[in-house]
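As structure tokens, the structure follows; a few thoughts come after it.
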Number of protein chains: 2
Amino acid sequence: MKQDFLEIFQKIAPDLMGTVKERYLLLRHISDAEPVGRRTLAGISGLSERVVRAHVDVLRRSGIVRFTTMGIALEPQGKEMMPDLLECFLRLNRLDEMQQYIRQKLRLKEVCIVPGNCDSDKTAKDELSRKGALLLADLLDGVKTVAISGGSTMAGVAATLPENASGVAVVPARGGIGNRVEFQANVIAAQVASKANGTYHMLHIPDGLSESTLRVMLRSDMQTKKIVAMAKTAEVILFGIGRSDIMADRRELTVAERKKLTDDGAVGEALGSYCNVSGEVVYATNNVGISLTELQHNLHVIAVAGGSSKAKAIIAVMRACHTGTLVTDEAAASEIAKLI
Amino acid sequence: MKQDFLEIFQKIAPDLMGTVKERYLLLRHISDAEPVGRRTLAGISGLSERVVRAHVDVLRRSGIVRFTTMGIALEPQGKEMMPDLLECFLRLNRLDEMQQYIRQKLRLKEVCIVPGNCDSDKTAKDELSRKGALLLADLLDGVKTVAISGGSTMAGVAATLPENASGVAVVPARGGIGNRVEFQANVIAAQVASKANGTYHMLHIPDGLSESTLRVMLRSDMQTKKIVAMAKTAEVILFGIGRSDIMADRRELTVAERKKLTDDGAVGEALGSYCNVSGEVVYATNNVGISLTELQHNLHVIAVAGGSSKAKAIIAVMRACHTGTLVTDEAAASEIAKLI
DNA sequence: TTTAAGTGGTACGATTTTCGTCCCACTTAA
DNA sequence: TTAAGTGGGACGAAAATCGTACCACTTAAA
């Protein structure tokens, strides 16, 4: 069997997962402190008394727990199944706890973790992109403009985005980078627009221009100015996160620039900004578009990145970002949780 | 370990299982006839349009299906998971279908099937008893009298019955049989009464008396008469089913009697009545209490028996019984389904 | 081209279910 | 004896679910 029933279940009934988790939590507490009463149980589990009653009532009918005058206790068969139950939910709950932990530590709005490791597992990378795409799809209705960055992960998001008729306008978050055409923000923006039956605009600015050249270009090109403005006021901004050393390679920075990066402790890159582990932007490429520190004005900020090798980069960038939703994978998340 | 989660899930969230099964069914139908519309889907699945809508909405949010102008279709990732999904639900659905099939063919009120084979698997036997006990427990409130037969399965029911304060009166369904004290109906009735904080009565009549002796005893013993009357009007009657040859051994029948049994095609026994595979009672022991053919007057009739070796016996007895709930196991059920 | 069947989307009121919040009789241990 | 805690029961409010329409649109047959 390739996929756990648990994963399948999570796919076809994510709305019921909350109920199941509550039951599991209750059983854990009952197992810890049996016999224990409804109200006490409600207190330590954070649920209301009434829902606790509803849950234990089902569990009683299943013969897992018993109601005694001293409280709710596990039946022998319930006790018997506890180890299996724990093992089953261990991973699930670990992801849950990590989500909460990372969210609080990094002060983010939300954190999503998909199982697996993007570095070694191709399907995990697919899952990551898919999760990002689903989050984006849920936002598309009631939104006018979406800005999206480049990179292989964003390309995956664009590829797995379900078709819809939201008709949003999609713009690249930053100018061009690298030489793989399929990972260009322009191309990805076009692909997303196609899936959403919307419009797209391009930013024809190469990376690594001198500041003066950039200024000249901007002065003469009203179109670019308009698109940059659109990106800055986009309700949704979606971007990937890269390791600073790898991104330096891809941008073909000079030796001097790379030395400066390492000297300043840069570990992560996103939207052209290189950050150190404290969340400070230590270097920024000369290009147009949104930068990391401007994200507060956007309604929905979504960062997608996975793989244990990117853990430090993710910490750095999300600290610099201060807000938004992080979509990552199990491997990166556990590494992040270890580091912070 | 993977398979375990399904069973565990069934234990801790049996109420959600219906929803999950509906989703599974819908996915099967979508997979069969994609792209297919809401109303068509509602028609072939037997669900209401609104419910179908709610389900596919969840599935869409999970990225499993896609809504197109031609109908609902599977996303690539949904198509990918279908084989696993089918495998996961194969067993579950087989049990479901068998329940329906046996219920209709044998014209019973209800059929419950627990996984496994009681003949070879001790835990399956526990599950069987437990299921019977749970059914009984659900009935106890609002009921005054329960009649129960003897046998190892009934002993298991009594042992796994959750304690409760229903205070029912428990009587043995029939007089004594065999020589194992722990399987006597009297003892089991007492045990059930103890668990239910109720009262119990005994039937001090040994098996195999001559008819004249029996008559004499009954004439002089008003107590026995009263208890037999209680048993016959009990709202709940619970009994096990045995193979006729084995029961003949246990009752130590004479060679002539056994020959008559085999000649008449007796295969199953319950409540002192030996039945052939057509459901005709071909021989009845000389004892007091309820007999198989009188069960129509009882509100709830529950037969509990499992193991593939008992398949024929179960068919015979349940055909003679005409009504009631049958609790059996997977092995017996598949054998029964094959035979009828 | 026209037409009829079928599609997803939307809306709204009725129904059912869930939930919050009491009180009660009872058990238990201090 | 008392005080804390137990499960059970009940009832009205709140919420989710559900039935049932209608709509604009696509599609494929006529």
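Because only heavy atoms are used, hydrogens play no part in the values below, and waters and symmetry mates are left out as well, while side chains stay in. Naming: A, B, ... by sequence-line order, numbering from 1 per chain.
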(message) Rounding to an integer number of Å, can you tell me how far Phe67(A) CZ sits from dG5(D) C1'?
(response) 15 Å
(request) Classify the side chain of Arg53(B) and the base of dG19(D) as holding, or not holding, a donor-acceptor pair under 3.5 Å. (result) no
(message) Between the side chains of Glu127(B) and Lys11(B), is the shortest nitrogen-to-carboxylate-oxygen separation below 4.0 Å, so that they form an ion pair?
(response) yes
(request) Just compare dA29(C), dA21(D), dG9(D) and give me whichever is closest to any side-chain atom of Arg38(A). (result) dG9(D)
(request) Please round to the nearest 0.5 Å and tell me the distance separating atom NE2 of His201(A) and atom CG of Asn186(A). (result) 11.5 Å
(message) What's Val56(A) touching, base or sugar-phosphate or nothing? Going by heavy atoms closer than 4.0 Å.
(response) nothing
(request) Starting from C1' on dT7(C), measure out to CG on Asp57(B) and report it in whole angstrom. (result) 15 Å
(request) Round to a whole Å and report the spacing from CE of Met70(A) to C1' of dA4(D). (result) 14 Å
(message) What is the separation between atom CG on Asn197(B) and atom P on dG8(D), rounded to the nearest whole Å?
(response) 13 Å
(request) Could you tell me whether Tyr200(A) atom OH has more than 12 heavy atoms of other residues or ligands within 6.0 Å of it? (result) no
(request) May I have the distance from Arg50(A) (atom CZ) to dG7(D) (atom C1'), rounded to whole angstrom? (result) 13 Å
(message) Looking at dA28(D), which nucleotide sits across from it as a Watson-Crick or G-U wobble partner, both distances under 3.5 angstrom, or is there none?
(response) dT3(C)
(request) Look at the side chain of Arg66(B) against the base of dG8(C) and say whether a donor-acceptor pair falls under 3.5 Å; ignore hydrogens and angles. (result) no
(message) Strictly by Watson-Crick or wobble contacts shorter than 3.5 Å, is anything paired with dC22(D), and which nucleotide is it?
(response) dG9(C)
(request) Identify which nucleotide among dG19(D), dC19(C), dC22(C) has an atom closest to any side-chain atom of Val51(A), counting heavy atoms from C-beta outward. (result) dC19(C)
(message) I want to verify a distance call: between dG20(C), dA28(D), dG7(D), whose nearest atom is closest to the Arg39(A) side chain?
(response) dG7(D)
(message) Rounding to an integer number of Å, can you tell me how far Arg61(B) CZ sits from dG8(C) P?
(response) 16 Å
(message) So, does Thr68(A) get its side chain near the phosphate of dT6(D), meaning an N or O under 4.0 Å from OP1 or OP2?
(response) no
(message) I want to check something: taking the side chain as every heavy atom from C-beta on, are Leu108(B) and Thr323(B) in contact at a cut-off of under 4.5 Å?
(response) no
(message) Please determine whether a side-chain nitrogen or oxygen atom of Thr69(B) lies at a distance below 4.0 Å from atom OP1 or OP2 of dT27(D).
(response) yes
(request) Grab the CG-P distance between Leu16(A) and dT18(C) for me, whole Å please. (result) 12 Å
(message) Atom CZ of residue position Arg28(B) - does it have more than 12 heavy atoms of other residues, nucleotides or ligands inside 6.0 Å?
(response) no
(message) Need one value for Val52(A): base, sugar-phosphate or nothing, where a base atom within 4.0 Å counts as base even if backbone is also close, heavy atoms only.
(response) nothing
(request) Report yes if at least one side-chain N or O of Ser48(B) is closer than 4.0 Å to OP1 or OP2 of dG19(D); otherwise report no. (result) yes
(request) Check if the side chain of Arg60(B) and the base of dG8(C) share a donor-acceptor pair of N or O atoms closer than 3.5 Å. (result) no
(message) Does Lys131(A) have more than 12 heavy atoms from other residues, nucleotides or ligands lying within 6.0 Å of its NZ?
(response) no
(message) Of the options dT6(D), dG8(D), dG6(C), whose atoms approach the side-chain atoms of Thr40(B) most closely?
(response) dG6(C)
(request) Whole angstrom is fine here: how far is it from NE2 in His55(A) over to P in dT17(C)? (result) 17 Å
